[in-house]
**Q** 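Below you will find the structure I want to go over with you.
Residues take their numbers from the sequence shown, with the count starting at 1. Because only heavy atoms are used, hydrogens play no part in the values below, and waters and symmetry mates are left out as well, while side chains stay in. Counting convention: from 1, in listed order, for ligands and their atoms alike.
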Amino acid sequence: MEDEREFIVTPWEVRGEVDYDKLIREFGTMPINDDLLNRIKKHTNDLHPFLRRKIFFSHRDFDWILDKYENNEKFFLYTGRGPSGHTHLGHLIPWIFTKYLQDKFDTELYFQMTDDEKFLHNPELSLNETINYAYDNALDVIALGFDPKKTFIFLDTEYMKTIYKIAIQFSKHVTFSTVKAAFGFNSSTNIGMIFFPSIQAAPCFFPSVLKGKNIPCLIPAAIDQSVYWRVARDVAPKLGFYKPAEIHSKFFPSLMKGGKMSASEPESAIFTTDSLEQAERKVKNAFTGGQATIKEQKEKGGNPEICPVYFYDYFLFDFDDKSLSETYNNCKNGCLLCGEHKERLAKSVKDFLSDHQKKREKAKNIIDKFILRD
Ligand code: TYM
């Protein structure tokens with residue numbers, strides 16, 4: 001969708017200054033309000049910073065998921081990745097939150113690697129490349145500490161026997177005109193992509209099919225994926241399944257001015273495979289909300305509201321609310337200079353990466369425990 005200020009949010013493109021309130025209205029989702037947060041807290045004891053800070057800001061039927069949970073009907077989690085390259089920090093946001101939900105609600109997670117989608121969508125990528133990226137990206141998922149007994153990662157090309165039986169039943173209820181309207185497909189779209197929404201919908205119903213009874217599904221993802229679930233929710237009752245519920249995050253921002261962290265602009269993003277030097281260089285080259293000179297910064301103060309360096313703290317690198325608000329105030333009143341702030345952030349990013357990269361290495365030894373094949 002695109003508005004007067006030209007922002008676009010689709011599963012394949014996010015551009016411009018996203019107005020999240022407008023997205024809630026346009027997509028017909030619900031904001032996560034304080035009542036819902038209080039209800040979540042009853043089960044989790046604490047609120048993840050992503051909830052406190054409204055980084056997860058919108059949902060469909062999350063309250064229904066809690067109704068079911070409170071009535072002893074367990075739900076499962078479903079999320080995924082389109083393996084078109086290395087993982088960047090933005091991708092980790094929904095996965096970190098998914099891990100929190102798995103821990104707090106003791107749930108199974110089905111994690112789809114859409115190696116087919118990225119091959120079909122991207123003219124430059126071969127199928128071998130997307131398959132290799134799927135295995136590479138799976139290391140990032142595993143490095144976050146998911147429970148191997150409750151986490152099932154699958155590549156579409158390797159789990160298709162199971163997926164296909166559900167996908168074709170789903171696809172029988174979806175017309176070309178529906179996917180044209182929902183995804184913007186047209187007569188030049190390849191037919192693989194036209195069928196693909198059925199493949200991304202299928203895991204919403206996996207455990208229900210595998211276990212022979214209806215099991216509620218909760219999908220944590222950034223809001224760009226929500227169009228898939230709109231179609232899935234329309235079709236679900238026709239197949240006798242519950243509609244999948246969703247919880248949506250905002251986009252981890254770009255290091256450049258405006259926009260989201262994007263794999264197609266490598267300097268806008270920090271990848272989990274970047275060397276510490278590369279990461280440091282990207283942070284040091286980031287756009288900031290600061291003034292042109294130190295003198296001006298001290299006099300007028302900076303603008304954290306447009307500053308990627310501040311956003312990095314807000315999203316991932318400073319979960320301590322008191323310390324974050326000190327950073328905000330010190331930036332505003334000119335006490336914190338951009339150079340110092342970048343120095344501090346570069347250290348946090350490097351600490352995070354070196355720890356994550358060690359866990360990624362270890363993940364290579366246990367990856368087989370997670371992968372589903374048929
Ligand atoms: P993909 O690979 O584009 O993105 C993977 C996950 O990361 C989220 N995301 C972001 N979150 C925060 N900040 C960002 N800058 C950012 N960029 C991407 C996406 O919303 C997604 O949750 N078709 C999907 C793969 C998929 C999937 C799913 C995703 C299959 N089944 C179920 C979510 C749930 C894709 O290409 O995601």
Side-chain angles (χ1 to χ4, degrees), residues 9-16 18 20 23 27 50 53 55-58 60 76-99 101 109-122 125 130 133-134 136-138 140-141 144 152-157 159 163 166-167 183 193 196-206 217-233 244-256 258-265 268-272 308 311-312 314-316:
V9 175
T10 77
W12 305 287
E13 186 181 18
V14 176
R15 189 152 36 86
V18 179
Y20 290 103
L23 276 187
F27 288 176
F50 293 167
R53 295 186 181 170
I55 289 168
F56 273 80
F57 71 106
S58 150
R60 276 196 185 101
F76 74 97
L77 297 162
Y78 163 40
T79 196
R81 160 78 175 134
S84 55
H86 291 296
T87 301
H88 64 51
L89 297 184
H91 300 129
L92 298 184
I93 299 287
W95 306 347
I96 290 169
F97 190 64
T98 302
K99 160 87 170 72
L101 293 173
L109 163 65
Y110 285 78
F111 193 107
Q112 180 177 44
M113 291 288 181
T114 55
D115 48 353
D116 48 353
E117 175 196 19
K118 292 299 160 171
F119 164 69
L120 289 165
H121 179 67
N122 193 326
L125 284 172
T130 62
Y133 278 131
D136 172 86
N137 296 171
D140 292 303
V141 177
L144 296 176
F152 312 102
I153 303 176
F154 52 94
L155 277 64
D156 286 344
T157 56
Y159 198 49
I163 298 172
I166 307 173
F183 295 92
M193 280 309 288
F196 176 76
S198 324
I199 294 175
Q200 184 152 324
C204 300
F205 315 117
F206 268 2
C217 168
L218 174 66
I219 307 169
I223 192 142
D224 59 331
Q225 299 296 311
S226 95
V227 59
Y228 281 111
W229 322 128
R230 263 183 284 157
V231 178
R233 284 168 61 85
E246 307 154 42
I247 181 157
H248 310 118
S249 79
K250 297 179 180 168
F251 301 107
F252 194 89
S254 163
L255 281 168
M256 327 285 257
K260 74 150 193 164
M261 178 167 274
S262 161
S264 55
E265 290 174 69
S268 77
I270 290 178
F271 294 88
T272 59
F311 295 152
Y312 263 55
Y314 185 88
F315 268 76
L316 204 52

**Q** Taking the side chain as every heavy atom from C-beta outward, state whether L316 and F50 have any atom pair closer than 4.5 Å.
**A** yes
**Q** Going by heavy-atom distance to atom 9 (N) of ligand 1, choose the closest among P253, A222, C204, P220.
**A** A222
**Q** Under 6.0 Å between the ring centres of Y312 and F252?
**A** yes
**Q** Please work out which of T98, N137, I223, D224 has its closest non-hydrogen atom nearest to atom 20 (O) of ligand 1.
**A** D224
**Q** Report the part of W229 (side chain from C-beta onward, or backbone N, CA, C, O) that has a heavy atom under 4.0 Å from ligand 1; answer both or neither where that applies.
**A** side chain
**Q** Before signing off on this row, confirm whether T79 and ligand 1 have an N or O atom pair separated by under 3.5 Å.
**A** no
**Q** Under 4.0 Å, heavy atoms only, figure out whether ligand 1 is touched by the backbone of I219, its side chain, both or neither.
**A** side chain
**Q** Do any nitrogen or oxygen atoms of R81 lie less than 3.5 angstrom from nitrogen or oxygen atoms of ligand 1?
**A** yes
**Q** For K118, take its heavy atoms, then give the atoms of ligand 1 lying under 4.0 Å from any of them.
**A** 36 (O)
**Q** Determine, using ring centers only, whether H86 and Y133 are less than 6.0 Å apart.
**A** yes
**Q** Going by heavy atoms in the side chains, are R60 and R230 under 4.5 Å from each other?
**A** yes
**Q** Can you check whether G90 has an N/O within less than 3.5 Å of an N/O in ligand 1?
**A** yes
**Q** Any idea which part of K250 is under 4.0 Å from ligand 1, heavy-atom wise: side chain, backbone, both or neither?
**A** backbone
**Q** Does P94 have a non-hydrogen atom less than 4.0 Å from ligand 1?
**A** yes
**Q** Check Q225 against ligand 1 and report side chain, backbone, both or neither, counting heavy atoms closer than 4.0 Å.
**A** side chain
**Q** Ignoring hydrogens, what is the shortest heavy-atom contact between D156 and I199? Give both atom names and the distance.
**A** OD2-CG2, 3.5 Å
**Q** Where do F205 and C217 land on the side-chain contact (heavy atoms from CB on, under 4.5 Å) test, with the steps shown first?
**A** CA-CA 8 Å; F205 315 117; C217 168; over 6 Å; no
**Q** Taking the ring of Y159 and the ring of F206, is the distance between their centroids below 6.0 Å?
**A** yes
**Q** Is there a polar contact between ligand 1 and F252, counting only N or O atoms under 3.5 Å apart?
**A** yes
**Q** Numbering the atoms of ligand 1 from 1, which are under 4.0 Å from a heavy atom of T114?
**A** 25 (C), 30 (C)
**Q** Number the atoms of ligand 1 from 1 as they appear, then name those within less than 4.0 Å of a heavy atom of A221, with their elements.
**A** 22 (O), 33 (C)
**Q** Examine F27 together with W229 and report whether their ring centres are nearer than 6.0 Å.
**A** no
**Q** Looking only at distance, does Y78 have an N or O less than 3.5 Å from an N or O of ligand 1?
**A** yes
**Q** Locate the shortest heavy-atom distance separating Y20 from I223; write the atom from each residue and the value.
**A** CE2-CG2, 4.5 Å
**Q** Would one find an N or O of Q200, backbone or side chain, under 3.5 Å from an N or O of ligand 1?
**A** yes
**Q** Testing W95, F76, F152 for ring pair (Phe, Tyr, Trp, His ring centres under 6.0 Å) with F111, which one passes?
**A** W95
